[in-house]
Amino acid sequence: MGLLERLRKEWFILGIVLVIAVARLEPAFGGKGGPLKPEITITYIAVSAIFFNSGLSLKTEELTNALMHVKLHLFVQIFTLVFFPTAIWLFLQLLSITPINEWLLKGLQTVGCMPPPVSSAVILTKAVGGNEAAAIFNSAFGSFLLGSSSSVPFTSIFSQLFMTVVVPLIIGQIVRRYIKDWLERKKPPFGAISSCVLLMIIYTTFCDTFANPNIDLDKFSLIVIVFIIFSVQMSFMFLTFLFSTRNNSSFTPADTVAIIFCSTHKSLTLGIPMLKIVFAGYEHLSLISVPLLIYHPAQILLGSLLVPTIKSWMVSRQKALKLTRQPKAPMKV
């Protein structure tokens with residue numbers, strides 16, 4: 001494989017390196033309140049574009065089937081909202097005897113209680129080719145469920161989810177009905193479009209990370225927290241992979257992809273307002289926020305880097321399953 005061909009194949013990984021480097025050079029440009037206005041262009045326009053793209057590319061029957069996949073939904077929501085925070089709490093009991101700052105540990109506990117995001121988990125599932133419809137449902141449902149049961153204003157959460165997820169998805173489905181033949185004939189690069197939007201999200205996320213003064217910690221604490229966060233993400237991704245690929249799980253390889261991302265990703269958009277309300281008046285609020293501010297870019301970066309590996313596994317697994325289901329040719333006498 002020539003160098004040019006190799007670069008073309010790995011364009012997404014190269015894009016990640018490039019946008020992080022650009023974000024490091026001038027974080028103010030893509031940070032909150034900067035010229036790029038990510039609080040509008042990303043929070044509303046980019047997220048809406050993601051779900052319009054999903055509505056345009058998904059067959060209506062796929063969305064309907066995803067709604068009926070109760071076992072998958074239960075798996076994701078129980079892992080996200082029960083197993084994840086419980087496991088983190090038990091882990092923190094061990095860390096409490098270490099010299100790690102106690103407020104950083106409280107921040108790690110709050111990360112475990114957050115719902116999945118409505119953008120990165122969906123884009124990564126789509127980039128791999130997994131069950132995108134299931135990812136859409138679980139990401140939106142998790143945010144809606146936790147947001148409605150917390151002290152974060154219910155109306156603002158519902159309206160934002162409705163306008164940036166539900167409405168674009170429905171519009172995409174309506175448009176698809178009229179241009180269905182053209183879509184099937186031309187096969188637009190929906191995956192590449194979503195990947196480009198993800199690069200924008202990665203860029204603005206790292207702009208916020210590099211520009212945020214709250215991550216001005218001593219190097220030891222910062223390195224330890226980053227290591228713990230990556231370790232937790234890798235461990236839980238591996239756990240969800242093991243649980244969802246057991247012989248009696250009945251999940252398809254595409255289901256497993258959605259489960260891996262939706263079960264382990266955490267929402268920054270909903271998380272920061274929740275922290276500000278729950279810990280209002282705490283002088284250590286900035287330290288409590290640090291683990292979530294690190295977890296968000298870490299999950300996008302790690303998930304993006306693992307896309308080729310997970311995609312390779314899913315494709316090979318689907319081929320193997322297809323071969324086992326084919327009827328055997330009768331033996332010649």
Side-chain angles (χ1 to χ4, degrees), residues 47-84 114-147 161-162 164-170 172-173 176 190-191 193-195 197-198 233 236-246 248-267 270 299-300 303-304 306-307 309-311 313-315 317-318 321-322:
V47 173
S48 297
I50 291 166
F51 289 98
F52 173 76
N53 188 39
S54 295
L56 204 58
S57 61
L58 282 172
K59 296 177 181 178
T60 304
E61 53 269 28
E62 290 177 346
L63 283 172
T64 306
N65 291 337
L67 290 175
M68 299 297 104
H69 205 335
V70 177
K71 185 176 179 180
L72 188 152
H73 307 327
L74 285 174
F75 182 103
V76 171
Q77 299 307 323
I78 290 173
F79 191 96
T80 303
L81 303 177
V82 179
F83 178 84
F84 200 125
M114 296 300 166
V118 293
S119 54
S120 61
V122 174
I123 297 177
L124 289 168
T125 300
K126 186 180 184 69
V128 173
N131 191 336
E132 182 188 354
I136 290 172
F137 176 84
N138 281 282
S139 295
F141 181 74
S143 296
F144 176 81
L145 182 65
L146 190 59
L161 286 174
F162 185 76
T164 60
V165 177
V166 180
V167 171
L169 192 66
I170 292 174
Q173 284 282 285
R176 178 181 172 81
F190 292 114
I193 293 170
S194 291
S195 296
V197 175
L198 180 58
Q233 288 185 21
F236 284 1
M237 289 178 81
F238 184 63
L239 272 178
T240 54
F241 175 80
L242 286 180
F243 291 154
S244 60
T245 54
R246 291 177 304 171
N248 60 345
S249 70
S250 74
F251 293 126
T252 67
D255 292 340
T256 295
V257 173
I259 287 170
I260 288 173
F261 291 124
C262 291
S263 300
T264 59
H265 280 211
K266 295 295 181 178
S267 173
L270 185 59
Q299 72 187 8
I300 295 175
S304 301
L306 289 175
V307 161
T309 303
I310 298 175
K311 187 171 186 175
W313 168 82
M314 188 192 73
V315 171
R317 183 64 179 157
Q318 286 175 330
L321 289 173
K322 190 175 181 180

Got a second to check how far [X]'s [atom1] is from [Y]'s [atom2], nearest 0.5 Å?
| X | Y | atom1 | atom2 | value |
| --- | --- | --- | --- | --- |
| Gln233 | Gln299 | CD | CD | 6.0 Å |
| Ile259 | Thr252 | CD1 | OG1 | 8.0 Å |
| Asn131 | Met314 | CG | CE | 10.0 Å |
| Leu321 | Gln318 | CG | CD | 8.0 Å |
| Phe241 | Arg246 | CZ | CZ | 13.0 Å |

Side-chain contact test, heavy atoms from C-beta onward, threshold under 4.5 Å: evaluate it for [X] versus [Y] and give yes or no.
| X | Y | answer |
| --- | --- | --- |
| Lys126 | Asn53 | yes |
| His69 | Phe137 | no |
| Ser263 | Phe75 | yes |
| Leu72 | Asn138 | yes |
| Ile260 | Met237 | yes |

Taking all non-hydrogen atoms of both residues into account, name the closest pair between Thr125 and Ala135 and its distance.
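That would be OG1-CB, 3.7 Å.
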Taking the six-membered ring for Trp, are His265 and Phe261 parallel (under 30°), tilted (30 to 60°) or perpendicular (over 60°)?
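Judged by the thresholds at 30° and 60°, the geometry between His265 and Phe261 is perpendicular.
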Exceeds 12 heavy-atom contacts within 6.0 angstrom, atom CZ of Arg176:
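Count over threshold, so yes.
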Under the side-chain contact (heavy atoms from CB on, under 4.5 Å) rule, what do Thr80 and Met114 come out as? Steps first, then yes or no, please.
CA-CA 8 Å; Thr80 303; Met114 296 300 166; over 6 Å; no
Indicate, with yes or no, if the rings of Phe243 and Phe251 have centres closer together than 6.0 Å.
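Judged by ring-centre distance (under 6.0 Å), Phe243 and Phe251 do not meet the cut-off.
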